[in-house]
Structures are given as C-alpha cells and as structure tokens.
S.K.: 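Could you have a look at this structure, given as structure tokens, before my questions?
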Amino acid sequence: TMPVVGNMMQIDAREAEPFAIKYQAKSGLSFDDVVQSMMLRANKVDLKFVGNNAMWRDFRSVLGDMDAPRVEILSFCDIAIGRERLKVLPEMVVFFPCRIAVMEDADMNIWVLMLDWDITWLNLAGKQLGMRPELRSGFFSIREKMDSVMRAGANGEL
C-alpha cells in the first residue's frame with residue numbers, strides 16, 4: 001500500500017475527481033426529479049434509504065448564504081452485504097452508509113456524485129488481502145447498485 005499512498009500524496013487535494021464517479025443530469029430535469037428517480041431505483045435494486053443530509057438548508061439558515069447551491073447527500077445501505085463486511089472486518093463500519101451527493105453547480109446544472117467504490121485494484125494485491133469471494137463480490141454488487149441509482153437519477157428514469 002505504500003506506493004499507492006505515496007502516489008496519492010502527489011495529488012492536489014482540490015482535485016477529487018479521480019476518487020469520484022459523477023454524472024450530469026439531463027437538461028430539463030429538476031433537482032427533485034433526480035432525487036425521486038434515485039429513490040425509486042434504490043428501492044428496485046434493494047438498497048435501503050437510510051438518510052438525507054440537506055446541506056444547502058444549513059448553508060442558508062446557519063451561514064446566511066442564500067446564494068448557496070442546492071446540495072443533498074443521500075445515504076443508502078445494502079444490509080446483508082454490510083453485515084457480511086462487518087463479520088470479516090469490523091472497521092469497515094467507517095465506510096457505512098454508502099452516499100450519493102446530488103448538487104447544483106454555479107450554472108445550475110445538476111450532478112450526481114459518489115466515491116468510486118471500484119476495487120479492481122485488489123486484483124493486484126496478491127491473494128486479494130485474504131478477502132472471501134462472497135465479500136469481494138458484495139463490493140462489486142454495491143458499486144453496481146449505486147451506479148444504477150446514479151444513472152437513473154441523471155436520466156430521470158421513473
């Protein structure tokens with residue numbers, strides 16, 4: 001892991017793009033349309049909705065920033081995969097729940113973003129760090145589900 005950490009130290013902290021997956025919402029979709037499509041897809045792929053952090057409201061009420069763009073962070077969890085992860089490595093709890101941000105940019109374009117859960121790099125880690133195959137497939141499953149939720153939101157799929 002040291003070479004990975006060493007290379008990460010060379011990345012400008014303002015450049016989070018390599019760590020994120022993002023899709024721009026289709027023109028004409030409202031923020032609420034995007035969120036509604038995501039919620040419907042999450043239900044369809046068995047991701048439990050576990051929370052919403054409407055940061056934009058705090059920007060306005062706490063900071064008085066009435067020009068702040070709308071930003072919400074939606075939290076989801078695959079309960080079965082989450083439980084299996086905790087049996088193997090309890091410290092995985094720091095990654096719970098999975099989050100997708102929905103935000104407007106300065107031009108009022110709507111974006112959906114998440115941390116990139118792509119763990120294919122583990123293929124290079126010898127015995128894949130001792131990870132059981134079912135747990136490994138669980139990571140891939142969550143990433144696919146989250147990506148499906150993001151794409152549904154960006155495309156306004158109801």
S.K.: Who are the side chain to side chain contact (heavy atoms under 4.5 Å, CB included) partners of Asp147, not counting sequence neighbours?
M.R.: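 Residues passing side chain to side chain contact (heavy atoms under 4.5 Å, CB included) with Asp147: Ile21, Tyr23, Arg151.
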S.K.: To the nearest 0.5 Å, what is the distance between CD1 on Ile100 and CG on Leu47?
M.R.: 7.5 Å
S.K.: For residues Ser37 and Ala152, report the shortest heavy-atom separation together with the two atoms involved.
M.R.: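 Here Ser37 and Ala152 meet closest at CB-O, 3.4 Å.
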S.K.: How would you list all residue pairs meeting salt bridge (charged side-chain N to carboxylate O under 4.0 Å, His left out) that involve residues 71-80, not counting sequence neighbours?
M.R.: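 Listed by first then second residue: Arg70-Glu72, Asp78-Lys145.
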S.K.: Kindly write out the residues that satisfy side chain to side chain contact (heavy atoms under 4.5 Å, CB included) with Asp67, not counting sequence neighbours, or none if the list is empty.
M.R.: Asp65
S.K.: Using 0.5 Å steps for rounding, measure from the CG atom of Leu29 to the CG atom of Asp32.
M.R.: 11.0 Å
S.K.: Taking the side chain from Ser148 and the backbone from Glu144, do they hold a donor-acceptor pair closer than 3.5 Å?
M.R.: no
S.K.: Does anything in residues 42-73 form a ring-ring contact (aromatic ring centres under 6.0 Å, His included)? List the pairs, not counting sequence neighbours.
M.R.: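 Residue pairs passing ring-ring contact (aromatic ring centres under 6.0 Å, His included), neighbours aside: Phe49-Phe76.
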S.K.: Rounded to the nearest 0.5 Å, what's the gap from CD1 on Ile81 to CZ on Phe96? Could you check?
M.R.: 10.0 Å
S.K.: State the CD1-CG distance between Ile73 and Leu113, to the nearest 0.5 angstrom.
M.R.: 9.5 Å
S.K.: Who passes side chain to side chain contact (heavy atoms under 4.5 Å, CB included) against Arg57, sequence neighbours left out?
M.R.: Ala54
S.K.: Not counting sequence neighbours, which residues clear side chain to side chain contact (heavy atoms under 4.5 Å, CB included) with Lys48? List them please.
M.R.: Val50, Ile79
S.K.: Is the shortest side-chain heavy-atom distance between Arg143 and Asp116 below 4.5 Å?
M.R.: yes
S.K.: If we ignore hydrogens and angles and just use 3.5 Å, is the side chain of Arg41 paired with the main-chain N or O of Met150 as donor and acceptor?
M.R.: no
S.K.: Do any N or O atoms from the side chain of Asp105 and from the backbone of Asp107 form a donor-acceptor pair under 3.5 angstrom?
M.R.: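 The answer is yes, because a donor-acceptor pair under 3.5 Å joins these two groups.
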S.K.: So which atom in Ile142 and which in Cys98 form the shortest heavy-atom distance, rounded to 0.1 Å?
M.R.: CG2-SG, 3.6 Å
S.K.: May I have the step-by-step check of side chain to side chain contact (heavy atoms under 4.5 Å, CB included) for Met39 and Asn52, ending in yes or no?
M.R.: CA-CA 11 Å; Met39 299 297 272; Asn52 181 339; over 6 Å; no
S.K.: Side-chain heavy atoms under 4.5 angstrom apart, residues restricted to Ile, Leu, Val, Met, Phe, Trp, Tyr: same cluster for Val34 and Met108?
M.R.: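 Cluster IDs for Val34 and Met108 differ.
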S.K.: Are Phe31 and Leu74 connected, step by step, through hydrophobic side chains (Ile, Leu, Val, Met, Phe, Trp, Tyr) whose heavy atoms are closer than 4.5 Å?
M.R.: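 In one cluster with Phe31: Leu74, yes.
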S.K.: Quick check for you: to the nearest 0.5 Å, what is the distance between Ile110 atom CD1 and Ser30 atom OG?
M.R.: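 Spacing of CD1 (Ile110) from OG (Ser30) equals 6.0 Å.
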S.K.: Going by the side-chain contact (heavy atoms from CB on, under 4.5 Å) test, name the single residue among Met146, Met103, Met38 that passes it with Val112.
M.R.: Met38
